[in-house]
Amino acid sequence: MAQYRRVSGSVGLITLQNPPVNALSASVRQGIVDSVKRALGDQKVKSVVICGQNGVFCGGADIREFGRQMSGPPLVPMIHDIEAANKPVVAAIEGSALGGGLELALGCHYRISHSKAVVYHCFIMTMSDQAKLGLPEVTLGLLPAAGGTQRLPRLIGVPAALNLITTGRHVTAAEALQLGILDHVTEHNTVDVAVKFALSVTGESLDGRRISSFSCAPLSDLDSLFEEAMLKVRSAARGAIAPVACVQAVRAAATLPYAQGMEREKELMATLFHSGQARALQYFFFAQRAVGRWSTPSGARWDTSQPRPVRKAAVIGLGTMGRGITVALAQAGLSVVAVETHAKQLMEATKAVPSMLKRGAVRGGTTIEPDSITYSQNLQAVADVDLVIEAVFEDMALKEKVFQQLSIICKPDTLLCTNTSSLDVDHLASQTRHPELVVGMHFFAPAHVMKLLEVVYGRRSSPAAVATAMQLGKKMGKVSVAVGNCRGFAGNRMLKRYLEQAFFLLEEGATPELVDRALEEFGFPMGVFRMSDLSGLDVGWRVRKADGLADTSLTGTSARVRQGCRYSPLGDLLCEHGRFGQKTGRGWYQYDKPGGRVAKSDPWLHNFLDEYRARHGLVPRCIDQQEVLERCLFVLINEGFQILEEGIAAGPEDIDAIYVFGYGWPRHRGGPMFYADMVGLERVVERLERYHQAHPDVPYLQPSGLLRRLVANGSPPIHKWRNVIKNRNSQL
Ligand SMILES: CCC/C=C/C(=O)SCCNC(=O)CCNC(=O)[C@H](O)C(C)(C)COP(=O)([O-])OP(=O)([O-])OC[C@H]1O[C@@H](n2cnc3c(N)ncnc32)[C@H](O)[C@@H]1OP(=O)([O-])[O-]
């Protein structure tokens with residue numbers, strides 16, 4: 001709803017009231033319509049201010065209403081009536097003006113916002129503008145269809161509007177002022193300033209204040225500007241339709257009169273509104289927030305577990321991961337002790353880390369105090385820290401030793417975290433005096449850039465330990481997802497199945513190019529083989545060797561079988577040929593030099609595959625893209641259901657967040673579990689069964705118990721899966 005009152009004698013003050021972000025629900029829209037009518041009809045009122053309750057102007061349309069039958073007054077005529085008003089209307093923007101919230105402000109005659117100059121946050125100095133403005137609809141699979149695509153280009157010009165609308169990025173009040181979105185910023189109380197301003201413009205002509213009457217600033221080569229914009233969104237969006245529609249809508253603003261532009265905006269929105277991509281992106285919006293409400297099977301929860309304060313942290317091991325973690329901690333304002341026992345590696349890190357920090361500071365517009373990090377070759381340097389993140393080589397014996405030492409050196413209440421990507425967290429905990437203070441913090445490379453953090457709780461991890469790791473992740477700007485302890489945790493455990501299928505497809509006749517093309521057309525930034533070349537084939541090989549799997553001396557049928565299941569030694573054989581991927585200039589593809597980035601098809605690899613198939617009596621067959629997608633994705637999804645069944649992840653949102661933020665799953669497809677829901681659970685079961693019949697030596701193709709149960713329960717929508725997971729006999 002919206003509250004209306006008269007202030008300072010002649011200003012009608014309309015306050016949006018819909019906590020927490022004053023989203024424009026039906027009742028808020030009705031409240032605005034009623035209040036504007038009242039203000040315009042009251043002769044004592046000479047001007048109007050619109051603001052939001054609790055320091056937030058408006059977070060936009062109420063996303064929860066999108067999937068339902070819309071009721072209440074629509075936004076477009078509501079904003080039109082505000083713009084057409086014969087009394088000045090001023091938007092007082094605190095907190096956020098996003099989506100429909102900014103579109104509402106663009107309908108007002110003046111916009112004033114809050115900007116705070118400088119904030120010192122531990123060692124980092126940031127220019128902090130409290131208000132954030134933007135049109136993020138594209139991130140929800142939509143476009144700003146309450147006039148945003150037509151007013152913004154008229155106000156700030158086509159290139160700047162294209163940038164904001166196609167990326168959905170939020171801008172600070174300072175940038176918004178510079179762009180011309182705002183008329184004024186203040187460090188004082190925004191509503192008070194807006195009321196004073198409203199009094200000062202009473203009676204002034206509004207002719208030059210209605211944005212819909214503006215023309216877009218003329219540009220010399222409009223066609224090439226839009227062609228370029230289209231190419232850019234198509235290459236960045238990888239199949240997402242909303243950015244393309246956004247470009248088309250802005251083009252309408254640049255080429256058509258306002259009324260026709262609005263018609264075009266409406267038409268384009270109609271194509272997006274009920275699309276699967278919009279559903280996926282809106283699901284993902286809420287999924288990201290759901291992962292913050294974590295819980296563990298032992299009863300620890302986000303709202304009852306108190307995190308400990310962490311001011312000083314240590315990182316052990318300054319290889320690629322350790323350096324990235326050090327940077328992420330320093331960027332979060334922590335004091336960091338960075339320990340590396342190898343002198344050469346330490347020396348390299350003392351050069352690399354500051355330059356990574358510098359690059360990050362330039363990108364983020366911040367300055368950083370390099371003294372926040374101290375380097376040491378001696379583990380004793382961690383004696384007084386609150387939390388340690390171990391990032392040494394992925395070797396259990398080495399990690400055991402480190403944990404035993406840490407347990408002696410550190411304060412008794414220091415949290416001990418491991419950045420292992422698959423090893424047993426409970427086993428590491430058992431090496432310490434306080435196993436309840438041990439958790440996994442599984443970062444993804446590069447650790448200072450990638451958004452995902454898997455927080456792995458062990459059997460004995462205390463609620464406070466989990467809460468502390470989750471909160472620290474958030475402080476580092478990560479999406480922290482709490483998962484249980486098992487081999488590979490959630491993400492890598494699912495990935496293993498996906499990789500296996502990709503190898504099997506090669507054995508059966510596919511090429512890396514075919515598999516990668518199918519996955520990239522699906523929306524992954526890189527197919528599985530291009531990705532393996534980038535991350536290095538030797539990483540998995542080392543793990544397989546440690547597990548006793550990578551034995552290429554085996555011949556005959558046993559060469560392709562391990563523990564009674566089908567196994568492909570292709571990756572092991574490539575490594576034996578010294579083909580580790582980009583770093584050696586050869587992998588599943590060839591590169592112009594070691595470290596080269598451009599993957600080229602490699603005739604050697606194709607010959608190698610032919611010979612391999614001939615050696616093992618495998619007759620290559622024609623494999624199409626659909627089979628590639630079904631085999632690779634459905635097996636990964638199936639493992640996801642198994643993970644849910646075992647309680648390793650608490651809900652499908654956790655798995656989807658892990659895959660979107662950590663593994664490049666296209667966001668406009670919502671994540672693997674949402675994708676399964678979209679495809680239809682029955683179909684997933686049917687295809688898995690079919691592939692399992694064809695490949696009985698691959699047990700993971702058998703549909704998981706939970707997947708079958710969901711189908712038996714009538715394939716409920718994804719938001720009801722948790723009920724079935726909780727209640728094994730659920731009939732919903
Ligand atoms: C014709 C149509 C044209 C217009 C289209 C649009 O406007 S499309 C919209 C364009 N607008 C956007 O895309 C803006 C989306 N919102 C944001 O980006 C951020 O919420 C924020 C920056 C406003 C505040 O960040 P923060 O970290 O302070 O807070 P937080 O993020 O944790 O959210 C707190 C709670 O509020 C909930 N909620 C939030 N917004 C909405 C909403 N619009 N609706 C419903 N609910 C919303 C959120 O789910 C969470 O609920 P929970 O989990 O507690 O039950």
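Just follow the structure's listing: the first ligand is 1, and inside any ligand the first atom is 1. Residues: numbered from 1 along the sequence shown.
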Tell me the closest heavy-atom pair linking [X] and [Y], and the distance in Å.
{"X": "Ala280", "Y": "Gly670", "answer": "CB-N, 3.6 Å"}
{"X": "Val456", "Y": "Gly484", "answer": "CG1-O, 3.6 Å"}
{"X": "Phe57", "Y": "Gly101", "answer": "CE2-O, 3.2 Å"}

Practice problem: Looking only at distances, please establish whether an N/O atom of ligand 1 is found under 3.5 Å from an N/O atom of Ala61. | Solution: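 The answer is yes, given that Ala61 and ligand 1 share an N or O pair closer than 3.5 Å.
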
Quiz item: Looking only at distance, does Ile63 have an N or O less than 3.5 Å from an N or O of ligand 1?
Solution: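 Yes, Ile63 has an N/O under 3.5 Å of an N/O on ligand 1.
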
Quiz item: Is a salt bridge present between Glu653 and Arg722, judged by a nitrogen-to-oxygen distance below 4.0 Å?
Solution: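 Salt bridge present between Glu653 and Arg722.
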
Quiz prompt | Electrostatic pair Glu65:Arg68 at N-O distance under 4.0 angstrom | solution =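 Result for this pair is no, no salt bridge flagged.
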
Do [X] and [Y] have side chains that approach each other closer than 4.5 Å (heavy atoms only, starting at C-beta)?
{"X": "His184", "Y": "Val90", "result": "no"}
{"X": "Leu272", "Y": "Glu137", "result": "no"}
{"X": "Pro716", "Y": "Leu710", "result": "yes"}

Can you pull out the closest protein heavy atom to [atom]? Residue, atom name and distance to 0.1 Å, please.
{"atom": "atom 2 (C) of ligand 1", "result": "Met269 CE, 4.0 Å"}
{"atom": "atom 22 (C) of ligand 1", "result": "Leu98 CD1, 3.7 Å"}
{"atom": "atom 38 (N) of ligand 1", "result": "Val21 CG2, 4.0 Å"}
{"atom": "atom 11 (N) of ligand 1", "result": "Gly59 O, 2.9 Å"}
{"atom": "atom 52 (P) of ligand 1", "result": "Arg293 NH1, 3.7 Å"}
{"atom": "atom 32 (O) of ligand 1", "result": "Arg289 NE, 3.8 Å"}

Show the atoms of ligand 1 that are less than 4.0 angstrom away from any heavy atom in [X].
{"X": "Gly100", "result": "4 (C), 6 (C), 7 (O)"}
{"X": "Phe286", "result": "49 (O)"}
{"X": "Pro136", "result": "11 (N), 12 (C), 13 (O)"}
{"X": "Gly60", "result": "7 (O)"}
{"X": "Arg64", "result": "49 (O), 51 (O), 55 (O)"}
{"X": "Phe285", "result": "15 (C), 16 (N), 39 (C), 40 (N), 49 (O)"}
{"X": "Gly99", "result": "7 (O), 10 (C)"}

Self-check item: is_close_aromatic(Tyr663, Phe444), centroid dist under 6.0 Å
Solution: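 That pair passes the under 6.0 Å test.
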
Self-check item: Aromatic ring proximity, centroids under 6.0 angstrom, Tyr258 and Phe214
Solution: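 When the ring centroids of Phe214 and Tyr258 are compared, they turn out to be at least 6.0 Å apart.
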
Exercise. For the pair Trp665 and Tyr659, name the ring-plane relationship: parallel under 30°, tilted 30 to 60°, perpendicular over 60°.
Key: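 Geometry flag for Tyr659 against Trp665: perpendicular rings.
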
Within less than 4.0 angstrom of ligand 1, does [X] place any heavy atom?
{"X": "Glu103", "answer": "yes"}
{"X": "Leu142", "answer": "no"}
{"X": "Lys132", "answer": "no"}
{"X": "Pro20", "answer": "yes"}

Exercise. Please test Leu182 against Leu133 for side-chain contact (heavy atoms from CB on, under 4.5 Å), starting from the C-alpha separation and ending with a verdict.
Key: CA-CA 10 Å; Leu182 295 172; Leu133 296 88; 3.9 Å; yes

Under 4.0 Å from [atom], is there at least one protein heavy atom?
{"atom": "atom 29 (O) of ligand 1", "value": "no"}
{"atom": "atom 7 (O) of ligand 1", "value": "yes"}
{"atom": "atom 13 (O) of ligand 1", "value": "yes"}

Quiz prompt | Residues Asp677, Tyr283; criterion side chain to side chain donor-acceptor pair (under 3.5 Å); working and verdict | solution = CA-CA 11 Å; Asp677 187 32; Tyr283 155 80; over 6 Å; no

Quiz item: Which is it for Thr139 and ligand 1 at heavy atoms under 4.0 Å: side chain, backbone, both or neither?
Solution: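 Thr139 to ligand 1: no contact under 4.0 Å from either part.
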
Quiz item: Is Asp62 touching ligand 1 with its side chain, its backbone, both, or neither, if touching means heavy atoms under 4.0 Å apart?
Solution: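 The answer is both, backbone and side chain.
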
Quiz item: Are more than 12 heavy atoms from other residues, nucleotides or ligands located less than 6.0 Å from atom CZ of Arg289?
Solution: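 Atom CZ in Arg289 is crowded, with more than 12 foreign heavy atoms closer than 6.0 Å.
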
